[in-house]
Amino acid sequence: MDVHDALRRLILSGQLKPGTLLSQVEVARSLNVSRTPVREALRMLQEGGLVSGDPNVRSRVLGFDPKDIESLYMKRILLEAFGVTLTTVESRPSTMAELRRVIEALEGDESHDNFATWQQLHRDLHSLIVSAAGESFMADLRELELRSARYQSAYKGEHLAGWWHRGETEHRALYEAMASGDAPAAAELAARHLARTALEVLAALAPEHDTANLRASLRFAIASAKGS
C-alpha cells in the first residue's frame with residue numbers, strides 16, 4: 001500500500017477534515033502498516049502543504065487557505081482555456097461523443113444522489129475537454145483539479161441541494177460550442193465555468209478574500225481566446 005497516496009486521497013476528498021490530528025500509531029493501525037512508511041508519508045504531506053506539525057510526533061490536517069484556492073483556480077482557468085481551444089480546433093467525433101455521454105450521465109439521478117459519482121464524472125469531463133493538449137498537460141490539470149476538489153467538497157457539503165443545476169447548463173453550452181468548432185466561445189465558457197465555481201467556493205469559505213487576481217486571470221483567458 002502507498003501510505004502517502006492513501007492519506008492524500010482521504011484529505012483531498014474531505015474524509016479527513018481540516019484540523020484532524022494524525023497519530024502515527026493510529027494511522028499505521030488503520031492502514032495495517034508499520035510506522036516507518038507513515039512517518040515518511042506525513043513528511044511528504046507536510047512538504048505538499050496538506051498537513052502541519054512534526055511528522056515524528058503528531059501532524060494536523062491543514063485548514064482552508066483562500067490564497068491556495070485562488071491560485072489553484074487561476075492556473076486551471078488559464079491552462080484549461082488553452083486546452084479547450086486545442087481540443088475544439090481538433091474536434092474529433094469520438095471525443096465529442098464521449099463528452100456528450102459524460103454530460104448526460106452528470107445530469108442523471110445517480111450523479112445527483114451520489115457526490116462521489118458526480119465528482120468522478122466531472123473529472124472525466126474536464127479531462128476530455130483538454131484531451132488534445134496531450135497526456136502530460138492533462139495530468140497537470142488533473143493534479144490541480146484533485147487539489148481543488150477538497151474545497152469543492154467543503155462548499156457543496158454546505159450547499160448540497162440543487163448545486164449542480166447551473167453547472168449542467170454551463171456544461172451543455174460548452175459542449176455546443178466545442179461541437180460547432182467555435183474555439184474562442186468554448187474557451188471563454190470553460191474559463192467562466194471555473195471562475196464561477198472558484199468565486200462561489202471563496203464566497204462560502206472565505207468571504208473576506210479579495211478575488212482581484214482570480215478575476216484578472218479570467219479576463220486574460222478570455223482576451224487570449226478571442227485573439228487566438
Inset, instruction - Could you go through the side-chain contact (heavy atoms from CB on, under 4.5 Å) check for L125 and L99 one step at a time? - result: CA-CA 6 Å; L125 180 149; L99 180 57; 3.9 Å; yes

Legend entry - Hydrophobic cluster of F220, others only, ordered by chain and residue number, side-chain cut-off 4.5 Å: L78

Inset, instruction - Name the orientation class of the two ring planes belonging to H193 and H126 (parallel below 30°, tilted from 30 to 60°, perpendicular beyond 60°). - result: parallel

Legend entry - Heavy-atom pair with the smallest gap, counting every atom of M138 and S131: SD-CA, 3.6 Å

Inset, instruction - Could you tell me which residues satisfy side chain to side chain contact (heavy atoms under 4.5 Å, CB included) with A41, sequence neighbours excluded, listed by chain and number? - result: V3, H4, L7

Legend entry - Ion pair check, D68 and R147, cut-off under 4.0 Å: yes

Inset, instruction - Determine whether more than 12 heavy atoms belonging to other residues, nucleotides or ligands lie under 6.0 Å from atom CD of E110. - result: no

Inset, instruction - For the residue pair L45 and R8, establish whether any side-chain heavy-atom pair is separated by less than 4.5 Å. - result: yes

Legend entry - Check: G108 main-chain N/O paired with S111 side-chain donor or acceptor under 3.5 Å: no

Inset, instruction - Can you see which heavy atom on L79 is nearest to which on L144, and at what distance? - result: CD1-CD1, 4.0 Å

Legend entry - L202 and L214: CA distance, side-chain angles, deciding distance, side-chain contact (heavy atoms from CB on, under 4.5 Å) verdict: CA-CA 11 Å; L202 283 165; L214 179 70; 4.2 Å; yes

Inset, instruction - Quickly, which of D124, T87, L174, L141 forms a side chain to side chain contact (heavy atoms under 4.5 Å, CB included) with I129? Name it, please. - result: L174

Inset, instruction - Working to the nearest 0.5 Å, report the span between CG of L106 and OG1 of T117. - result: 10.0 Å

Inset, instruction - Measure across S91 and A179 and return the closest heavy-atom pair with its distance rounded to 0.1 Å. - result: OG-O, 4.5 Å

Legend entry - Min side-chain heavy-atom separation M178-M96 under 4.5 Å: yes

Legend entry - Heavy-atom neighbours of F82 CZ exceed 12 at 6.0 Å: no

Legend entry - Within one Ile-Leu-Val-Met-Phe-Trp-Tyr cluster: M74 and V201, side-chain cutoff 4.5 Å: yes

Legend entry - Any residue meeting side chain to side chain contact (heavy atoms under 4.5 Å, CB included) with E107, in chain and number order, not counting sequence neighbours: I103, E168, R172

Legend entry - Interatomic spacing from CG in L194 to NZ in K75 - rounded to 0.5 Å: 14.0 Å

Legend entry - ILVMFWY cluster, L10 and V33 together (side-chain gap under 4.5 Å): yes

Legend entry - Nearest-0.5 Å distance that lies between atom OH in Y73 and atom CD in E145: 7.5 Å

Inset, instruction - To the nearest 0.5 angstrom, please state how far the CG atom of L128 sits from the CZ atom of R123. - result: 14.5 Å

Inset, instruction - Tell me whether L62 is reachable from L146 by hopping between hydrophobic residues (I, L, V, M, F, W, Y) whose side-chain heavy atoms are closer than 4.5 Å. - result: no

Legend entry - Shortest non-hydrogen contact between S148 and R76, atoms and distance: OG-NH1, 3.0 Å

Inset, instruction - Could you work out the complete set of other residues in the hydrophobic cluster of I222, with links drawn between I, L, V, M, F, W and Y side chains under 4.5 Å apart? - result: L218

Legend entry - Over all atoms of both residues, closest heavy-atom pair of S34 and P37: OG-CD, 2.9 Å

Inset, instruction - Calculate, to the nearest 0.5 Å, the distance between atoms CG and CZ belonging to L42 and R35 respectively. - result: 10.5 Å

Inset, instruction - Report whether L22 and M44 are members of the same hydrophobic cluster (ILVMFWY, side-chain heavy atoms less than 4.5 Å apart, transitive linking). - result: no

Legend entry - Heavy-atom check, side chain of H209 versus side chain of K67, under 4.5 Å: yes

Inset, instruction - Sorted by first residue and then second, give each side-chain hydrogen bond (donor to acceptor under 3.5 Å, both in side chains) pair with at least one member in residues 214-223; sequence neighbours left out. - result: T211-R215

Inset, instruction - Go through the structure and list residues passing side chain to side chain contact (heavy atoms under 4.5 Å, CB included) with R101, not counting sequence neighbours. - result: E98

Inset, instruction - Looking only at non-hydrogen atoms, find the nearest pair between V89 and A183 and report the distance. - result: CG2-CB, 4.1 Å

Inset, instruction - Measure the shortest side-chain to side-chain distance between H171 and H122 over non-hydrogen atoms and say whether it is less than 4.5 angstrom. - result: yes

Legend entry - Any L21 side-chain heavy atom under 4.5 Å of E26 side chain: no

Inset, instruction - Would you give the length of the straight line joining atom CG of D182 to atom OG1 of T85, rounded to the nearest 0.5 angstrom? - result: 10.0 Å

